[in-house]
Amino acid sequence: MPRRIMVLDTVRCVGCSACVIACKTENAVPAGGFRDWVVGETRGRFPQLSLENRSERCNHCDHAPCVDNCPTGASYRAADGAVQIARAKCTGCKSCIAACPYGARFVHADGFVDKCTFCAHRAGKSTACTDVCPTECITFGDASDPESAVSRLLASRRWKVLAPETGTEPKVYYLL
Amino acid sequence: MPVTRRKFIRIGAASAGGMVLGGGLVSDWYGLDAPRLTDPATDGDRIVPTFCEICFWKCGVLAHVKQGRVTKLTGHPDHPLSRGRLCPRGAGGTGLLYDPDRLKKPLVRTGRRGEETFREASWEEALDRIAGEMDRLRRDYGPQSMALFQHGYGSSWFTHLFRAYGSPNIAAPSYAQCRGPREVGFQLTFGDGVLSPERVDMERADCIVLIGSHLGENMHNTQVRDFARAVGRGATVIVVDPRFSVAAGKADHWLPIKPGTDIALLLSWMNVLIEEGLYDRSTVENFTTGFDQLRAHVAGKTPEWAYARTGIRPELIRATARKIGAAKPAAVIHPGRRVTWYGDDTQRTRAIAILTALTGSWGRAGGYLLPTAMKVPKYPYAPYPAPDAPAADRAKPSDFPMADATLASGLCAATIPGSSAYGAKGWMVYGTNLPLTLPEPERVEAALQEAEFIVAIDVLPAEICGWADVVLPEATYLERADDIDAPAYREPYAALRQEVVSPLHDSKPGWWIAKEIANRLDLASFFPWKDVDEYVDARLSAAGIDRREIREKGVVLGPRTPCTYEEGIAPEFGTESGKIELYSAALAAAGFDPIPEFRPPEEPPAGYFRLLIGRSPVHTFGRTTNNRLLSEVCDENEVWVAASAARELGIASGERVVLVNQDGVEEGPVKVKATERIRTDCVFLTHGFGHRAKALSFARGRGADDARLMTRVSVDPIMGGTGMNVNFVTLKRV
C-alpha cells in the first residue's frame with residue numbers, strides 16, 4: 001500500500017503563493033477558503049536575521065485529531081494514508097476544526113468542512129501545488145518506496161515537521 | 001453530481017426522499033459508509049495553449065476550458081519560460097478574465113476630464129471619433145503631434161499603426177521609468193544590452209549577486225526557477241539591499257547597504273579584485289580597453305573607503321569580493337530590472353557591467369549568455385513614411401544623448417506647451433496606467449488636462465481611462481490572438497498567443513482595433529491582411545514553421561544554439577573600440593564620467609525616511625490589484641518601517657498611517673509593518689496599490705499609491721531615466 005507524503009524545501013521556497021492560487025483553481029475552492037497557504041517566519045534582530053518560507057496545508061497526520069474528533073465519521077483515513085472528508089457525511093459541526101493543531105480546515109461555502117486532499121482526484125499522481133511551483137520546492141510521492149524522490153530527500157537532507165509535540169505524526173515534511 | 005451538506009440535510013428531512021431521487025444520489029444516500037471523493041472537475045474539455053500577459057515575461061500556459069469557461073491555467077510543459085510551471089499571477093489569470101469591473105463597451109466622455117463620467121457608445125461611433133481626431137491632428141499639426149504610450153505584447157499592432165501614421169512619438173514607461181538605464185549601461189560597456197528575458201545564467205552560476213533585485217518577490221518565472229535551483233545546489237548568494245528581502249533570506253551574505261551608495265560598494269569590489277589579482281586576466285588582456293585607467297580610478301577605493309559611505313563593514317566587502325573572484329567566471333552580478341533609482345543609474349549599471357567584465361563572466365556559462373532568437377521574418381509591409389520631426393520627448397536635441405528609445409516621461413512633459421520643440425497634442429494610451437506609472441503626478445495631471453484628445457485602450461477601467469475622451473475595451477490575452485513571440489533566449493523558440501475563449505462583453509482584440517482605425521485614416525494598405533490568423537500564417541510560412549503544429553502545441557522549439565564562448569562563439573563587441581570598454585570614450589566625449597564615480601545622494605531631512613518601492617509576488621504593478629483571485633493572497637500594501645523606528649514614533653504594526661512626503665503630499669492611509677527586516681533610514685512600499693479609479697470597485701482605496709509621493713525625480717542625464725528613490729516621507733498617525 002502506498003504511503004503518500006509531501007516534502008517541501010524551505011531552502012528553495014520563496015513564499016510566492018503560486019501553490020495557493022493553483023490549488024484554488026484546481027480544486028475550485030471558493031473565495032475566502034484556503035487549502036494551502038504561505039508562512040514567512042522571520043527570526044533575529046537587524047541585521048542578524050533569518051527567514052523561513054513555508055507552504056503549509058493539511059498534514060494528513062497518522063494520528064489525526066480531526067478523524068478522532070469527527071462525530072459523524074466524515075473525516076476518515078483513506079487507503080493511501082491521506083486524511084479525507086466525506087462531504088455527504090459532514091454536518092459542518094466544526095469539531096475537527098477545533099481539533100486540528102495546524103488550522104488546516106475551513107467551512108466551505110456549501111456547508112461542509114474542506115481542506116487539502118493531496119489532490120486525491122488525480123489518483124495520487126501529483127498535486128496542483130507540486131506542479132505549479134516555480135521554485136520546484138514541493139515533492140509529492142510514496143514514502144513506502146525507498147527509491148522514490150520523497151524517500152531519497154528525507155534520507156539525504158535535514159528535515160522537520162510542524163508541531164511535533166502534538167504527536168500527530170504528520171505526513172508533510174519540511175527540508176531545512 | 002456531488003451531494004452537498006445542505007442537500008444532504010434536505011434529503012434527510014424528507015421522509016421518503018431517498019426513494020424518489022435519481023440514481024447518482026441514491027447510491028450516495030445508501031453509500032454513506034463507502035465515502036466517495038468529490039472530483040472538482042476543473043480539467044478542461046478543451047485545452048488551449050497560449051502565452052501569458054499577466055506580466056511581461058510571456059510564459060507558456062495551458063488554458064483549460066470547460067463548457068465555455070476557463071477553469072484553470074497551468075504551466076505549458078514545453079515552453080522554455082514556463083516548463084510546466086507558473087508564478088502565482090500567471091496561475092491567477094482567470095481573475096482578470098472574469099473581473100466584473102472589466103471595460104465592457106466603448107465609452108465616450110460626458111463630463112470633464114478626470115471626472116470619470118462616460119456614456120456607452122457603439123464601436124462604430126468610438127472608432128469614427130478616434131480616427132476623426134487623429135485625422136484632424138494630422139492636418140493641423142502633423143502626425144508627430146500624436147503620441148502613443150504603450151506596454152505589453154498586444155501593443156505591436158498600435159506601434160505599427162503609429163509608424164504607418166508617421167509619428168515618431170512611441171514610448172513605453174518600461175524604458176525611462178524602469179529598465180532603460182541598464183540597457184544603456186551594458187551597451188556602453190559590451191556593445192549589447194541585457195535584454196528581456198535577462199541573459200543571465202543563474203542556473204549554472206556558482207555565485208549570484210543581487211543588488212536591490214528582489215527575486216522571489218519579483219516573480220519572473222524562469223528567473224525565480226533558476227535562482228531557486230542555484231540556491232538549492234548551494235551556489236553562493238550575495239544580496240545587497242537595505243531591506244532583508246526574501247532573496248536576502250536565501251543569501252550567504254546580506255549587505256544591508258545605505259540606500260544610494262551601491263556605486264561605492266561596486267568600486268570597492270573592483271578595488272579588491274584588482275589589488276588581490278582576483279580578476280580574469282585573459283578577458284582583461286584580450287578583450288577590454290581602459291584597464292589602466294580603471295585600476296588608477298579604483299586604487300584608493302578600498303573597502304575601508306566604501307565602509308564610510310555604504311555602512312558595509314570592510315571585512316564583509318573583502319569576503320564577498322573574494323567569493324565573487326573565486327567563482328569567476330561563473331559569477332553573475334545581476335543587472336536588476338527596475339533600476340531607475342537615483343538618476344546615476346546608467347553609471348551604476350556601468351559599474352555592474354565593468355565588474356562583470358573583470359570576472360570574465362560575459363559570454364560564459366554561469367555568467368551572461370549570448371542567446372539567439374528563432375528567425376521569424378517580419379511581415380513584408382511597405383516601408384513606413386519617414387517622420388517629419390524627431391521625437392518630442394526632449395526639451396533640446398542634445399539632451400540625454402545615449403537614450404536609445406523614446407522617453408514616456410518626456411512625451412508627457414512635451415504635452416505641456418513650451419516644454420519641447422513641438423507639442424504632443426493627442427495621446428493614445430495602450431495597456432499602461434500612466435497616473436500610477438509616471439512620477440511627478442502634478443505634471444502628469446497637467447499634461448492630461450492639456451492634451452487635445454486622449455484615447456485609452458485597456459481591459460480594466462484603470463485611472464488613465466478616467467482621463468480619456470474615448471475608452472476602448474480590449475479583449476484580454478485569453479480572448480485574443482497576437483503576434484508571434486520569439487525572443488532571444490538560451491533555447492530559441494516561437495510561441496503563439498491564441499484565442500482561448502471568444503471575447504466577453506463587447507470587447508475586441510487589439511489587432512482588430514488597430515486595423516479599424518487604420519482603415520478610417522487611409523492607412524488600410526498597411527493592414528493588408530484579413531485578420532490576425534492570416535498575418536500570423538504569413539510570418540509562420542516565411543519562417544518555415546508548420547502552422548498546424550504551432551497552433552496545436554502553442555510553441556515550437558528551435559535547435560539549441562551556442563550561448564557561450566566555450567561553445568565556440570567568437571568574442572565580438574559592438575562598442576566603438578570593438579572591445580569591452582572599462583573606460584568609455586563615448587561617455588567622456590559626451591561630458592560624462594568615463595568610469596563611474598560615486599556621488600553621495602541627498603540625505604533624508606530629520607524625521608524623514610527615504611521611500612523605496614518594490615514588488616509583491618502576486619501582483620504586476622497596479623494591473624492585478626483588482627484581480628479578486630490574486631487579492632485573496634494580498635489585497636493591500638503595507639509600509640515597512642524598522643521596528644525600532646516605529647517604536648520611537650509610537651506606531652504599532654497593523655496601525656494605519658498616512659505618508660507625507662517632503663513636499664507635503666499625503667497618501668494613504670496604509671497599514672504599517674514594523675519589522676526588523678529594514679534599515680532605519682528608509683521605508684518600503686510595494687507598488688501598484690492605492691487605486692482611486694471609481695470603477696475599480698475592488699482595488700479602489702486599498703493601500704497607498706507610491707506614484708503620488710514621487711513628486712521629485714532625479715533624471716539620469718545620460719539617457720533620461722527618472723530616478724525615483726529621491727523622495728522622503730514621514731508617517732502621520734490617523
Side-chain angles (χ1 to χ4, degrees), chain A residues 9 11-22 24-29 31-34 37-38 40 42-53 72-74 76 78 84-92 108 110-113 117 119-122 128 131-137, chain B residues 2-6 8-9 28-29 32-33 35-42 71-75 84-92 94 215-217 219 221 224-225 227-229 231-232 244 246-250 254 256 617-618 628-630 632-634 642-644 675-679:
Chain A
D9 191 344
V11 174
R12 294 174 77 133
C13 176
V14 295
C16 73
S17 300
C19 49
V20 179
I21 303 297
K24 293 207 68 147
T25 56
E26 171 70 27
N27 292 296
V29 179
F34 295 94
W37 62 94
V38 161
T42 308
R43 296 190 197 97
R45 303 286 295 269
F46 182 97
Q48 299 299 323
L49 291 161
S50 70
L51 173 66
E52 182 176 297
N53 290 112
T72 67
Y76 69 100
Q84 302 293 4
I85 298 168
R87 293 182 173 184
K89 285 191 192 177
C90 178
T91 62
H108 189 280
D110 286 343
F112 49 84
V113 169
T117 65
C119 283
H121 60 285
R122 293 175 164 205
D131 290 353
V132 76
C133 178
T135 70
E136 302 165 310
C137 85
Chain B
V3 180
T4 66
R5 170 186 158 272
R6 284 190 188 121
F8 168 62
I9 289 170
D28 272 351
W29 174 240
L32 280 185
D33 289 328
R36 200 187 53 190
L37 285 165
T38 316
D39 185 346
T42 52
T71 48
K72 63 184 171 191
L73 303 165
T74 60
R85 294 166 188 277
L86 287 178
C87 83
R89 301 166 301 167
T94 49
L215 291 177
E217 288 154 289
M219 277 307 296
N221 196 6
V224 173
R225 180 194 64 185
F227 177 65
R229 282 184 176 177
V231 169
F244 189 71
V246 166
K250 309 288 177 198
W254 172 42
V618 294
R628 284 149 173 87
L629 177 54
L630 294 175
E632 285 205 59
V633 175
C634 173
S644 59
T675 175
E676 294 291 330
R677 291 173 59 185
I678 191 165
R679 287 172 59 99

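In this structure, the separation between CD on A/Glu26 and CG on B/Leu73 is 12.0 Å, given to the nearest 0.5 Å. Put simply, CG on B/Leu86 and SG on A/Cys16 are 10.5 Å apart, with the number rounded to the nearest 0.5 Å.
Of the atoms belonging to B/Leu630, heavy atoms from both backbone and side chain fall under 4.5 Å from chain A. Using a 4.5 Å cut-off between heavy atoms, B/Arg89 does not touch chain A at all. Of the atoms belonging to B/Thr74, not a single heavy atom falls under 4.5 Å from chain A. Proximity to chain B (any heavy atom under 4.5 Å) is shown, for A/Val132, by both the backbone and the side chain.
When all heavy atoms are compared, the tightest approach of B/Thr42 to A/Thr25 is CG2-O, 3.4 Å. Closest non-hydrogen pair, A/Ala28 versus B/Pro40, comes out as N-CB, 4.5 Å. Here the shortest heavy-atom pairing between B/Arg679 and A/Phe46 reads CG-CZ, 3.7 Å. When all heavy atoms of A/Gly44 and B/Glu676 are compared, the closest pair comes out as O-CG, 3.7 Å.
When B/Arg229, B/Arg225, B/Lys250 are each tested for a side chain to side chain contact (heavy atoms under 4.5 Å, CB included) with A/Arg12, only one passes: B/Arg229.
Between chain B and the options A/Glu52, A/Gln84, A/Glu136, heavy-atom pairs under 4.5 Å are most frequent for A/Glu136. Counting heavy-atom pairs closer than 4.5 Å to chain B, the top-ranked of the candidates A/Leu49, A/Asn53, A/Thr135 is A/Leu49. With respect to chain A, the highest number of heavy-atom pairs below 4.5 Å among B/Val224, B/Thr675, B/Leu629, B/Val618 belongs to B/Leu629.
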